[in-house]
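These notes concern the structure reproduced below.
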Number of protein chains: 2
Amino acid sequence: MNARQKTERTRLSAEDWEHGALELIAESGVNALAVEALARRLGVTKGSFYWHFRNREALLLAALERWEQHDEADVLAQIEPIDDPRERLREIFHRVAREVQSHRIYAALLKALDHPVVLPLMTRVSQRRIQFLTEAYLQAAMPPKQAGHRARLAYAAFVGFLQLNLALGMPRLSHEEFDAYVEHVAETLIPH
Amino acid sequence: MNARQKTERTRLSAEDWEHGALELIAESGVNALAVEALARRLGVTKGSFYWHFRNREALLLAALERWEQHDEADVLAQIEPIDDPRERLREIFHRVAREVQSHRIYAALLKALDHPVVLPLMTRVSQRRIQFLTEAYLQAAMPPKQAGHRARLAYAAFVGFLQLNLALGMPRLSHEEFDAYVEHVAETLIPH
DNA sequence: TCGTTACCATACGCATGCGCATTGACAGCG
DNA sequence: CGCTGTCAATGCGCATGCGTATGGTAACGA
């Protein structure tokens with residue numbers, strides 16, 4: 001009577017648990033990822049969980065590695081095809097501004113940098129992205145040292161932007177003002 | 001025999017608890033602020049705590065308000081006397097870069113923006129700081145709308161810089177490289 | 001000197017959350 | 001038809017952390 005009222009459930013796989021974990025993280029942060037809470041969400045109890053994973057930490061690690069390889073990877077893949085480096089940089093800024101939702105997991109991980117599982121992952125991801133930005137600036141004919149610094153600055157602005165937007169509702173800008181802001185950022189951070 | 005091995009302790013006041021709370025937050029974040037842990041740190045038990053405060057939340061609120069009124073306030077006070085707006089902006093950037101430690105509480109609060117006590121405080125603080133930056137840019141002869149956008153950008157860069165520095169050990173830059181980076185930021189974000 | 005106040009200790013109840021052990025359900029295959 | 005491996009439910013022990021109750025003690029004023 002009271003079973004399977006969700007979307008016609010069958011059995012669960014480790015992958016199902018990982019997806020559920022990522023959803024939970026995106027919604028409520030890393031701390032909210034609790035075994036029993038997630039089990040309730042999936043319509044089972046934690047007896048199931050400990051068949052698939054050694055412990056909570058193992059789930060977190062598996063979920064984050066999945067995120068790194070999928071979601072994270074195709075962010076860059078979508079932008080790489082653009083040839084003109086300046087145009088590519090502009091596209092990055094506009095994309096980041098528009099698709100704030102897709103960065104919710106990243107923002108949640110930023111708040112959990114003290115966690116031993118999260119730290120090395122975020123170190124990798126951040127270094128990769130800064131590296132990507134650096135190369136874009138280099139291709140835009142910026143001298144090497146300056147390119148590195150500018151990439152760091154742009155990335156810091158991105159991270160801060162996420163914080164101020166997702167957590168704080170900081171901007172409180174109208175649509176037009178927001179577009180003008182993004183345009184200003186592009187003007188300021190992309191060489192002419 | 002086992003009592004009072006710390007610095008000759010007498011009785012504690014509410015203020016002592018608030019200071020201890022801020023230290024804990026700076027070291028290990030808002031979540032680490034636990035009543036019993038802090039009591040151990042202060043060499044007493046929680047029996048003392050619940051005499052001074054109604055509950056954990058009340059301590060957090062009191063501690064953060066203390067921080068807002070003291071530490072936070074004189075950050076601006078130190079910079080305000082500088083007359084030339086461009087010079088003032090440069091001083092802000094260099095100060096922020098040099099005195100990273102003093103921003104540890106701010107960085108810890110950034111990670112706890114989902115907490116109902118932290119959110120309104122950080123909203124106030126951030127708006128005040130952005131406002132301050134906006135006025136500095138205005139005084140530097142920047143047109144109004146542009147000044148607002150630039151202030152937002154600079155502040156986002158500041159927030160991201162804190163995250164990447166304190167939590168991640170991102171930069172891993174030598175002293176000279178670091179100075180060059182800060183100089184680059186000033187060059188990029190301050191009008192000529 | 002005696003009582004009051006301010007501060008602290010001890011002990012408990014309660015909730016949450018992890019991890020483990022045991023048992024049960026069910027499918028596929030021989 | 002029954003065995004075996006896979007997945008899930010139940011229940012327990014343990015730890016942590018909040019909040020409360022109650023009792024103790026040192027300091028200070030009257």
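Values in this document were obtained by computation on a predicted structure and should not be read as measured data. Chain letters run A, B, ... following the sequence lines, proteins first, then strands; residues in each count from 1. Computation of the quantities below employed the complete heavy-atom set of this structure, encompassing side-chain atoms and omitting hydrogens, waters and symmetry-equivalent molecules.
Side-chain proximity of A/T45 to D/dT10, C/dA6, C/dG19: nearest is D/dT10. Closest contact between the side chain of A/V44 and the listed nucleotides D/dA8, C/dC12, D/dC12 involves D/dA8. Comparing D/dA8, D/dC18, C/dT10 by their nearest atom to the side chain of B/Y50 picks out D/dC18. Which of C/dA11, D/dA8, D/dC7 sits closest to the side chain of A/S48 comes down to D/dA8.
DNA chain D is contacted by both B/G47 and A/W51; A/W51 maps to the nucleotide lying nearer its 5′ end (nearest heavy atom per residue). Looking at which nucleotide of DNA chain D each of A/F49 and B/R54 is closest to, the 5′-most match is held by A/F49.
In this structure, A/D16 places its CG atom 11 Å from P of D/dC7, rounding to the nearest Å. The distance between atom NZ of B/K46 and atom P of D/dC18, rounded to the nearest whole Å, is 8 Å. Put simply, CZ on A/R40 is 15 Å from C1' on D/dT10, counting in whole angstrom units.
Side chain of B/R152 to main chain of B/I130: no donor-acceptor pair is present (N/O by atom type, distance under 3.5 Å, no hydrogens or angles).
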Please step through side chain to side chain contact (heavy atoms under 4.5 Å, CB included) for the pair A/L64 and A/I25, ending with a clear verdict. CA-CA 10 Å; A/L64 293 188; A/I25 291 174; 4.2 Å; yes
N/O donor-acceptor pairs under 3.5 Å from side chains in residues 26-35 of chain A, not counting sequence neighbours:
from, atom 1, to, atom 2, distance (Å)
A/E27, OE1, A/R41, NH1, 3.2
A/E27, OE2, A/R41, NH2, 3.0

Could you list the donor-acceptor pairs under 3.5 angstrom formed by side chains in residues 115-123 of chain A, with sequence neighbours left out?
from, atom 1, to, atom 2, distance (Å)
A/H115, ND1, A/V117, N, 3.0
A/T123, OG1, A/L119, O, 2.7

Kindly list each side-chain donor-acceptor pair under 3.5 angstrom involving residues 42-54 of chain A, sequence neighbours excluded, with atom names and distances?
from, atom 1, to, atom 2, distance (Å)
A/K46, NZ, A/E36, OE2, 3.1
A/H52, NE2, A/L12, O, 3.4

Residues 139-149 of chain A side chain polar contacts: donor-acceptor under 3.5 Å, at least two apart:
from, atom 1, to, atom 2, distance (Å)
A/Q139, OE1, A/R88, NH2, 2.6
A/H149, ND1, A/K145, O, 3.4

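Of the residues in residues 18-38 of chain A, none lies under 4.0 Å from DNA chain D by heavy-atom distance. Listed by residue number, B/N55, B/R56 are the residues of residues 55-62 of chain B with a heavy-atom contact under 4.0 Å to DNA chain D. Shown for residues 108-116 of chain B: no residue has heavy atoms falling under 4.0 angstrom of DNA chain C.
For B/H52 and C/dC8, the shortest distance from a side-chain N or O to OP1 or OP2 is below 4.0 Å.
With hydrogens and angles left out, the side-chain atoms of A/E135 and A/Q131 include a donor and acceptor closer than 3.5 Å.
Here the CG atom belonging to A/L162 is positioned 12.5 Å from the CG atom belonging to A/L168, to the nearest 0.5 angstrom.
A/E177 meets the salt bridge (Lys or Arg N to Asp or Glu O under 4.0 Å) test with no other residue; sequence neighbours excluded. The ring pair (Phe, Tyr, Trp, His ring centres under 6.0 Å) check on B/F132 picks up nothing, with sequence neighbours excluded. Every residue two or more places apart in sequence or in another chain that forms a salt bridge (Lys or Arg N to Asp or Glu O under 4.0 Å) with A/R124 is listed here: A/E68. A/E99 meets the salt bridge (Lys or Arg N to Asp or Glu O under 4.0 Å) test with A/R95; sequence neighbours excluded.
Using a cutoff of 4.0 Å between basic side-chain nitrogens and carboxylate oxygens, A/R104 and A/E23 are not scored as salt-bridged.
Close placement of the A/Y155 and A/F158 rings is indicated, their centers lying within 6.0 Å of each other.
For the helix from C/dT1-D/dA30 to C/dG30-D/dC1, the terminal axes (five pairs an end, C1' atoms, rotation from four pairs onto the next four) enclose an angle of 20°, given to 10 degrees.
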